[in-house]
Amino acid sequence: MRLFWFSLLSASMLPSLFAQTLRVQVDLSDAPRNFFHSKVTVPATAGPMTLAYPKWIPGNHRPSGPIANLTGLHFRANGQEIPWQRDRIEMYSFHLNVPQGVREVEASFDITTTDSAGAGGNAATSNLLDLNWNQVVLYPADAASDAVQCVSSVHLPDGWKFGTALPVAHASGADIEFQTVSLTTLVDSPLIAGEHYREIELTPGGDQPRHTVDVVADAEGDLAITPEDLGAYRKLVAEAGELFGARHYREYHFLYTLTDVAGHHGVEHHESSDNSAEERMFLDPTEKMLEASLLPHEFAHSWNGKYRRPAGLATRNYQEPMIGELLWVYEGLTEYLGDVLTARSGLWTPEQYRDALALTVSNMEEHVGRTWRPLEDTAVSVQTLRMMGSQWQDWRRGLDYYPEGELIWLDVDTNIRQLTSNKRSLDDFCHLFHGAPSGPPKVVPYTFDDVIRTLNQVAPYDWATFLKDRVTKTAAHPPLGGIERGGWQVVYDAKPNPFLAALESRYKFYDFSPSLGITLGDKGQIHDAVPGSPAFQSGLGPGMTLIAINSRKYTPSVLNAALRAAQDSHQPIEVLAENAQFYKTYSIPYYEGEKHPHLRRVDAKPDLLGDILKPHAD
Ligand SMILES: [Zn+2]
């Protein structure tokens, strides 16, 4: 109940109860060396004091605060050094004893950003940076983040420009001062900056609230956007408005970092999203197709995840543990709505949407760990699963609450449409659950029962059993009811799936899972094997390397040719593989040729999926 009490109180009530104001000054001039300098001034009284470094990071849903990167820490008051001691159990807490007569303590420290929260890889390059404020603050350990006020500023590298949803109080050259906001809002408002910066206006004519894409890139030429793409992003704003029926932000910034060398990620916030993609994302059609759903996904989170948040993730500060069991709603529904918005806005064609969905199904069919691990357990286990590699992932499962959650919400949407003769849909659920009234950011927590209650308002049905069957039970196959009810079926044939082809050329990642049951690198490294598949049955497994196929040196195309040859000859494929310095031959009796996933129309059924993807906004 305590958690609800804090989350439901409005931010304006809390400061009067326990007003504490931090001053946060960040010097970003060393960003190209992946090194931020921070100074945090905290009100203090004499006696023991504990300051905390944010541990549980919103959007990460896990204790990912980069504490190991905190270096050069000093506490000072009235010019005197104050000794500190790290808590022996809680690595994110620092204890100090504040001397008599001291009114405020100044903490100074550096943060190395080679492994930043929310992203694998560097937070900066020679030309740009991505600042997440949780990296650079310490705060009173027991305080609610809504109750702490922050006066913050940054000093940028010379000549760099910036984008952020954080309201600016004063900007003068490289020095930017921001308006006083709560610690919650500060941590929710990342800042990007760079030598090459462009603000793209998405809300023409001065309409409110305002939407922009703020882009920084490694080169000036990367900032170009085609009129078609600009139109699609404007349409995305309109389609999201139609879908949810209200907006819960004062203005919205799509922060977009385009670089090949920093970490790639998307992290959601109330009034912005922190996105990163390949440098030539706006210029290269293949990159554009692969990244098209990133901004729609993170945008949908402003409603689903930020405004409406599972009670277990609506914590009072960054030290309180998060409970992930409803992430199949938080991320699964966002994955579904994000992809639907990608198609409705024209960032994907309906065919591209279907090819992406077919690939999702194919990936989930490989995750045979579903036979021992219910989907809900992948959400509960986010802390342990997030950083796991690919080896035996098919058997372990990964963050399946995203892709399998998407299939479940398509199942829900088509079921609502069928129950109501296509008069109602998941859009109606979104209006009720995420909609009016519009206003500034706030959090309205929910439980599983709240989801069921709202679904029943849209279309009465035994939704609790429907969802529990799919979320809490083990099964042999992913839920495909949405695709079937939508008037389509998943088929596998020799025609390449364009998303898989793009992933092959970008990552040198070759998916032979639907056929042989293995995923491979270009040097023959087996990334994973599907238990029960032909390759698995022959004795192959992740960690081994394919050397030769039917006596010929392995390449992906040699293996594809062998698949086709075996289809005609009905002779097993002979594979020479290396396993930790030892060589062995494996025989795979597989004769069904190449298999790539696609959706095929079932003419006897109405095309509900086609209806779902139709644009709604004028
Ligand atoms: Zn997400």
Side-chain angles (χ1 to χ4, degrees), residues 56-62 64 116-120 130 132 134 165 187-190 236 240 243-244 248-249 252-257 263-277 290-310 312-315 322-343 345 347-348 353 356-357 359-360 363-364 375-376 378-383 385-387 397-410 426 430 433-434 441 443 445-446 451 471:
W56 291 81
I57 307 306
N60 279 215
H61 324 303
R62 62 192 172 94
S64 59
S116 57
D130 180 7
N132 283 279
N134 63 277
V187 169
D188 192 53
S189 308
L236 170 63
L243 174 61
F244 296 109
H248 310 287
Y249 44 79
Y252 192 89
H253 293 256
F254 295 93
L255 306 178
Y256 217 166
T257 305
H264 285 172
H265 61 271
V267 183
E268 64 276 18
H269 299 282
H270 282 278
E271 300 186 290
S272 63
S273 50
D274 185 10
N275 309 282
S276 174
L290 286 176
E291 301 296 348
S293 60
L294 175 62
L295 267 53
H297 176 104
E298 304 306 344
F299 191 34
H301 267 316
S302 179
W303 292 264
N304 187 54
K306 288 296 162 182
Y307 171 55
R308 296 309 307 269
R309 197 175 309 169
L313 296 176
T315 49
M322 294 177 180
I323 297 166
E325 65 184 337
L326 284 175
L327 279 168
W328 59 273
V329 186
Y330 183 119
E331 292 294 359
L333 177 55
T334 302
E335 193 77 354
Y336 176 66
L337 297 175
D339 283 0
V340 166
L341 286 170
T342 307
S345 61
L347 288 163
W348 272 344
Y353 172 95
L357 187 64
L359 184 56
T360 297
N363 286 336
M364 286 302 92
L375 184 68
E376 184 181 66
T378 69
V380 170
S381 307
V382 55
Q383 296 173 52
L385 283 177
R386 182 112 211 167
M387 301 309 280
R397 304 195 80 172
L399 303 179
D400 290 10
Y401 53 84
Y402 284 84
E404 196 158 311
E406 177 174 24
L407 299 176
I408 288 172
W409 287 101
L410 174 61
L426 201 64
C430 292
F433 200 70
H434 306 97
V443 180
Y446 64 83
V451 174
V471 172

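First listed ligand is number 1; within each ligand, the first listed atom is number 1. Note that the structure is a prediction, hence the values are computed from the model and not measured.
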### Query
Between the side chain of R386 and the main-chain N/O of Q383, is any donor-acceptor distance below 3.5 Å?
no
### Task
Could you count the protein N, O or S atoms found under 2.8 Å away from the Zn ion (ligand 1)?
3
### Query
Would a 4.5 Å heavy-atom cut-off, applied to side chains only, mark Y353 and V340 as touching?
yes
### Query
Quick one: does W303's side chain get under 4.5 Å of H270's, heavy atoms only?
no
### Task
For residues L326 and W328, determine if any side-chain heavy atom of one lies less than 4.5 Å from a side-chain heavy atom of the other.
yes
### Query
Going by heavy atoms in the side chains, are T257 and L255 under 4.5 Å from each other?
no
### Message
Can a side-chain donor-acceptor contact be found between E291 and Y256 if the only test is distance below 3.5 angstrom?
### Response
no
